[in-house]
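Taking it in order: structure first as structure tokens, then the write-up.
Just so you know, these numbers use all the heavy atoms, side chains as well, and skip hydrogens, waters and symmetry mates. Whatever order the structure lists them in is the order used to number ligands and atoms, beginning at 1.
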Amino acid sequence: MKDKYDVVIVGSGVSGLYAALQFDEEISVLVISKRELSLSNSSLAQGGVAAVLDKDNDNYKLHIADTLIAGGYKNDLSALEVLVTEGPTDVLNLRELGVKFDSDSQGNLSMTLEGGHSRHRIAHHKDSTGREIVRRLLEVVAEKPNVELLENTLLCSLQKDSGGGFWLSVMSEGGEIRPVFAPYVILGTGGIGRVFKYTTNSAIATGDGITMAYHLGAKIKNLSYIQFHPTGFAPKDATRERFLISEAVRGEGAVLRNADGERFVGNYDERGELAPRDVVSRIIMQEERRIGKGDFYLDITHKDADFIRNRFPMIYEKCLEEGIDMTKDWIPIYPTQHYLMGGINVDTKARTSVSGLYAVGECSHTGIHGRNRLASNSLLEALVFSRRAATDIIVNIRVNGSPVPKDEPAVPSAAGKPLRSGIRTAIRDILQEAHFVTLDIQKAKENLPRIEEMMRELSDEGLAMSKDLIEARSAVTVAYIVLSEDIANS
Ligand SMILES: Cc1cc2nc3c(=O)[nH]c(=O)nc-3n(C[C@H](O)[C@H](O)[C@H](O)COP(=O)(O)OP(=O)(O)OC[C@H]3O[C@@H](n4cnc5c(N)ncnc54)[C@H](O)[C@@H]3O)c2cc1C
């Protein structure tokens, strides 16, 4: 690792990698990832990428209309137009780069349908689209001589330099913390799922980028716009990971059953199992209150076993690892946190309110999703706006050059007081009570002072810097912003 780069990208998900790809050889780029390069929400994406590619049967207006309906018309229309009109080129670019999207015998992309889309417009790779995109992007980015990719490298702090640009403190795999200067920083740090008790998100999704941008004074918007998914796998052993059972399983005819084995969704909503995610999640919580039992199942056993294994190879395997054969057994499920619609507020060039700081992908708020994300629009958002961020930086570097740092960086120390154990669990429990599927405003009001107290405790500069400390600080900051927003909006 050098001391200075033109651009530092924090995150090796689809947004960070696609941004890195755009820079030519004259621009030096560092990409860091706090865990393995491929461990991210991007790698978990199952369904695919939405894009208007079949112009005979689909058009931009329809994609925009579907997104507005899902988002409760709270979407930013200008950002949405950019997304929908430019996105198809980025998806075709991925294919050109060698991402293997499923296609028919003539080589045409097989576009599938997902909940909320009025047309077949989802490009996909079996049920593991994200893993395939990340695989190929990592290969292509690794070949670029101007890009350095570092895994197990944690961003610990982000400071502005008075001459312009940023000082980043970066902890390497061995635990050494070093300052790095960059005129431009792109945050592609992903979502906040791990601040919740139940989530489909990867272990890295702790809101670090959002927290650092917030403390730098960047505007954060709609952090309380959080999507819950009705069908997260519910393991018997609470210490096991939850994972997503895709909507496509219900799309193929799976039904939901309560603890007594009865179907129930149709009693609340005539759309039944195919009602939108947030609606089905709320129905499950209502049914739990009605019957007083919290066990729920997804049943697709009436379908042909070979069909299930071929259509959902990854989900089938993951269920088997948990002792469930979905061709014969009902899959235990429960709602889980799934996606963040809000984040660091950006314009259509992915610029935050802090000069030189960009945010892309799930940590950003472009406004395209509105109140609720339409399935498969997030990978598209990650592609379109990370390319736009890079393009803007390239223009800036050409016009303005790169500033040189003026200040001495303050680098945190790995020596110091240990972090109190149990603090992250306490934060998760508070969010579970106050903001899980539905908002409990009373609990939000009761718990905000406890969160503020923990925030003070964690801001102690005498605490030893570590990944745990960064993630605990992120958890408390995210909880603080979410609950404050909930209270302000109530
Ligand atoms: C189970 C699941 C299924 C999904 N399915 C779909 C789908 O079918 N279609 C769709 O469009 N979307 C889907 N999504 C959403 C989509 O995958 C994500 O929104 C998107 O991939 C986010 O990409 P990203 O690049 O913003 O973040 P991520 O891919 O999460 O990457 C974040 C990166 O930031 C790094 N990072 C974080 N903090 C630090 C730090 N302090 N220091 C250094 N590095 C750090 C991480 O190590 C990681 O490399 C799904 C999400 C999940 C969880």
Looking just at side-chain N and O atoms, do [X] and [Y] make a donor-acceptor pair shorter than 3.5 Å?
X      : Y      : answer
His369 : Glu381 : yes
Thr129 : His124 : no
His365 : Asp76  : no

List every atom of ligand 1 that sits less than 4.0 Å from any heavy atom of [X], numbering the atoms from 1 in the order shown and giving each element.
X      : result
Gly13  : 25 (O), 29 (O), 31 (O), 49 (O)
Gly11  : 33 (C), 34 (O), 35 (C), 49 (O)
Val14  : 25 (O)
Gly361 : 26 (O)
Ala45  : 3 (C), 4 (C), 5 (N), 6 (C), 7 (C), 13 (C), 17 (O)

Can you establish whether the number of heavy atoms outside [X] located under 6.0 Å from its atom [atom1] is more than 12?
X      : atom1 : value
Tyr480 : OH    : no
Lys2   : NZ    : yes
Lys126 : NZ    : no
Lys349 : NZ    : no

Does [X] reach ligand 1 with a nitrogen or oxygen that is under 3.5 Å from one of the ligand's nitrogen or oxygen atoms?
X      : result
Gly48  : yes
Asn41  : yes
Tyr339 : no
Leu380 : no
Ile470 : no
Leu154 : no
Asp208 : yes
Ser378 : yes
Ser42  : yes

So that I can tick it off, tell me whether [Y] and [X] are bridged by a salt bridge, with the cut-off set at under 4.0 angstrom between side-chain N and carboxylate O.
X      : Y      : value
Glu139 : Arg135 : yes
Asp90  : Arg387 : yes
Arg194 : Glu241 : yes
Glu86  : Arg388 : yes
Arg371 : Asp278 : no

Measure the distance from [atom] to every protein heavy atom, then report the residue, atom name and distance (to 0.1 Å) of the closest one.
atom                    : value
atom 18 (C) of ligand 1 : Glu362 OE1, 3.3 Å
atom 8 (O) of ligand 1  : Gly47 N, 2.8 Å
atom 11 (O) of ligand 1 : Leu379 N, 2.8 Å
atom 27 (O) of ligand 1 : Gly190 CA, 3.4 Å
atom 53 (C) of ligand 1 : Asn201 ND2, 3.4 Å
atom 25 (O) of ligand 1 : Ser15 OG, 2.7 Å

- Task: Would you indicate which of Leu244, Thr153, Leu168 comes nearest to atom 1 (C) of ligand 1 when only heavy atoms are counted?
- Result: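 It is Leu244 that holds the nearest heavy atom.
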
- Out of Gln227, Arg373, Met212, indicate the one that has the non-hydrogen atom closest to atom 14 (N) of ligand 1.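 That would be Arg373.
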
Quick one: does [X] get within less than 4.0 Å of ligand 1, heavy atoms only?
X      : answer
Val10  : yes
His338 : yes
Gly188 : yes
Gly130 : no
Val49  : no
Ala382 : no

- Message: On the six-membered ring of Tyr198, is Arg242 placed so that its NZ or CZ lies under 6.0 angstrom from the centre and within 45° of the ring axis?
- Response: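 Output yes; distance and angle both within limits.
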
Is the shortest side-chain heavy-atom distance between [X] and [Y] below 4.5 Å?
X      : Y      : answer
Ser246 : Ile315 : yes
Phe385 : Leu83  : yes
Ser474 : Val195 : no
Ser224 : His435 : yes

- Query: If you measure from each non-hydrogen atom of Gln46 to ligand 1, which part falls under 4.0 Å: side chain, backbone, both or neither?
  - Reply: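 The backbone, only.
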
